[in-house]
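To keep things clear, I will list the structure first and then write my remarks on it.
Just so it is clear, the model here is predicted, and its values are computed rather than measured. Any value given below was found using the heavy atoms of this structure, including those in side chains, with hydrogens, waters and symmetry copies removed. When a ligand or atom number is given, it counts from 1 through the structure's own listing order. Numbers here simply count residues along the sequence, with the first being 1.
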Amino acid sequence: MMEYARSILDLIGNTPLVRISRVTRGIGPLERQPLVLAKLEMLSPGGSVKDRIGLPMIEAAERDGLLRPGGTIIEPTSGNTGHGLAIAAAIKGYRCVFVMADKQSAEKQAILRAYGAEVVLCPANVPPESPESYYSVAARLARDIPGAYKPDQYWNVENTLAHEATTGPEIWRQTAGRITHLVASVGTGGTITGAARYLRAQKPDLVVVGADPEGSILSGDVARPYLTEGVGEDFIPGTFDPELVDRWVRVSDRDAFAMARRITREEGILSGESCGTAMLATLQVARELTESGQGPGAVIVVILPDGGRNYLSKLYNDEWMRANGLLASAGSVVRVREVLEDRHHGEQIPDLVLARTTEKVGAAIRRLEDYGISQMPVSEAADGSELAGIVGSISEKGLLERAYRDPAVVERTVGEVMDPPLAVV
Ligand code: PMP
């Protein structure tokens, strides 16, 4: 018998579970820990958990006569649902227009375009009811484009049903019914609602844990902007049943991003941001179980929704991380050296960059430019870099202002034009 799938659609879902054993190290002695298993949704053909809902939403619309041959699929998406829909649309020959908030990574937009979809970008930091929001723009396009159909993952029952029909049963089978805790980060809530509904029906005392970014109202926070993509909301989607969630763990951007990187580097699983959100909630539950002696026998399944390839320009870009205040771990400080090293992309720079009283102003301006700095102390010492000889300072702004008034100033010595010394701490 030859072994092959009829189309890529048949390869969606059935993602593996893998044991997590390295990022869990700090939570207590191994023999007291619960078993932590991650469901690797990034291994689905479109790279995320949202592959599971694309085809069912399209087929339901076909059945109901809402989507006809030659039709256009329009959807507001953080990217991954778009990938799932685009795969199904490619096979079935539909046009796709996806409306995204501009905070979503360039990679996710580029992948949508790669599948042949059109992408419309909208501002992220406006309320959902604003005419500029990606929800409103998608609604308007769906009204205006003939033959358009908006699956509306936030209200489409097929979203939740897909997880009830696939994600939940897979986890039940893969854990041989031994799952005790389900942890998922929540966007539309389709994953957690559908999977929990199925699993609860098998095991009424299953503990369901929602992981939510700070700034999302799902866990009761006040809505405010955050950087973690794909999870958290500023409204309660119709696809989410809050009753199924036993407890919430709220996670900061900084912790979620740091944990996503750790999963990648320590477990070898290239993870997206919401994996970090879900894993932090998992570790909190695992630690509590370990400390209370309930670890042995407990089986925690955490959904890892998408992979790191979606976020190479952000989560896996040190410069972007640093610029957004995400690189240093919580509670630690960023050192001046780190800031300087970052500016110089790791090049070696001297401990002290200074000007001499005797050198030409032009040379000092060039040094400021070379090191990308805006001010320097001035030393009267002929050599050495000790602070003792500091007698003044110069600044790029001050020097350029003088040079503008009197171009000949670049030929004068630094000692003639310098300002008082910088304060010493
Ligand atoms: N993580 C990422 C990266 C996502 O794109 C989504 C879907 N928006 C989720 C998690 C949450 O999945 P759900 O919509 O099923 O709650």
Side-chain angles (χ1 to χ4, degrees), residues 13 15 38-42 44 46-54 56-57 75-86 98-101 103-105 107-109 111-112 124 134-135 151-168 182-197 208-213 216 218-219 226-242 244-245 248 251 253 256-257 259-260 263 270-281 302-311 314-315:
T15 51
K39 191 151 174 67
L40 303 184
E41 293 299 307
M42 66 282 280
S44 193
S48 89
V49 68
K50 306 300 283 195
D51 282 6
R52 295 175 185 271
I53 73 169
M57 292 198 300
E75 182 72 348
T77 166
S78 69
N80 285 326
T81 300
H83 302 156
L85 285 166
F98 296 118
V99 188
M100 295 175 85
K103 81 168 193 184
Q104 315 299 342
S105 74
E107 289 85 332
K108 287 204 246 174
Q109 299 170 30
I111 293 169
L112 289 171
Y134 73 116
Y135 309 107
D152 207 346
Q153 56 171 331
Y154 293 94
W155 301 93
N156 193 323
V157 65
E158 297 297 329
N159 174 357
T160 312
L161 286 177
H163 292 286
E164 201 171 339
T166 67
T167 318
L182 174 72
V183 184
S185 44
V186 184
T188 65
T191 307
I192 200 166
T193 305
R197 204 168 270 160
V208 178
V209 182
D212 202 34
S216 160
L218 296 177
S219 58
Y226 52 87
L227 293 163
T228 308
E229 294 184 35
V231 286
E233 296 296 346
D234 45 11
F235 68 104
I236 306 269
T239 40
F240 174 53
D241 180 0
L244 285 166
V245 178
W248 287 100
V251 180
D253 279 331
F257 279 65
M259 180 50 71
I263 303 168
L270 187 59
S271 290
E273 299 147 16
S274 66
C275 298
T277 311
M279 189 60 79
L280 272 158
V302 53
I303 311 271
L304 299 188
D306 78 348
R309 279 195 174 81
N310 273 344
Y311 310 99
K314 299 172 96 179
L315 166 61

Counting from 1 in the order shown, the ligand 1 atoms closer than 4.0 Å to a non-hydrogen atom of S78 are 5 (O), 8 (N)
Compute the shortest N/O to N/O distance between G230 and ligand 1 and return yes if it is under 3.5 Å, no if not.
-> yes
Select the closest option to atom 5 (O) of ligand 1 among N80, N310, I303, judged by heavy-atom distance.
-> N80
Got an N/O contact under 3.5 Å between Y311 and ligand 1?
-> no
Numbered atoms and elements of ligand 1 in range of G190, under 4.0 angstrom, heavy atoms | 15 (O), 16 (O)
Just distances here: any N/O of V186 and N/O of ligand 1 closer than 3.5 Å?
-> no
State if Y154 counts as touching ligand 1 under the rule of any non-hydrogen atom under 4.0 Å.
-> no
Kindly say whether Y154 contributes a backbone atom to a donor-acceptor pair with the side chain of T239 at under 3.5 angstrom?
-> yes
Sub-4.5 Å side-chain heavy-atom contact between K108 and I111 = no
Side chain of T160, backbone of T193: donor and acceptor closer than 3.5 Å?
-> no
Ligand 1 atoms in contact with T188 (distance to a heavy atom under 4.0 Å) = 13 (P), 14 (O), 15 (O), 16 (O)
So, T81 and Q153: side-chain donor and acceptor under 3.5 Å apart, yes or no?
-> yes
Taking only non-hydrogen atoms of P305 and a 4.0 Å limit, the atoms of ligand 1 in range are 1 (N), 2 (C), 10 (C)
Would you say S48 contacts ligand 1, with heavy atoms under 4.0 Å as the rule?
-> no
Note the single closest protein heavy atom to atom 2 (C) of ligand 1, along with its residue, its atom name and the distance in Å.
-> S274 OG, 3.4 Å
If you have a sec, work out which protein heavy atom is nearest atom 10 (C) of ligand 1 and how many Å separate them, to one decimal?
-> V231 CG1, 3.3 Å
So NZ of K39 and OG1 of T167: to nearest 0.5 Å the spacing works out to 7.0 Å
What residue and atom, counting heavy atoms only, is the protein's closest point to atom 11 (C) of ligand 1, and at what distance?
-> G187 N, 3.5 Å
Which atoms of ligand 1 are found less than 4.0 Å from any heavy atom of D306?
-> 3 (C)
Could you pull out the closest heavy-atom pair between L304 and A38, with the gap in Å?
-> CD1-CB, 3.7 Å
In this structure, are over 12 heavy atoms from other groups packed under 6.0 Å from R309 atom CZ?
-> no
How far apart are the closest heavy atoms of D306 and S274, and which atoms are they?
-> OD1-OG, 4.4 Å
When only distance counts, is G189 in polar contact with ligand 1, meaning an N/O pair under 3.5 Å?
-> yes
Can E273 and K314 be counted as an ion pair, charged N to O under 4.0 angstrom?
-> no
Does G272 reach ligand 1, in the sense of a heavy atom lying below 4.0 Å from it?
-> no
Can Q104 and S78 be counted as having a side-chain donor-acceptor contact under 3.5 angstrom?
-> no
Under 4.0 Å to a heavy atom of T191 - the qualifying atoms of ligand 1, by number = 12 (O), 13 (P), 15 (O)
Between N156 and P151, is there a donor-acceptor pair closer than 3.5 Å when you use the side chain of the first and the backbone of the second?
-> yes
State whether the shortest distance between N or O atoms of K50 and N or O atoms of ligand 1 falls below 3.5 angstrom.
-> yes
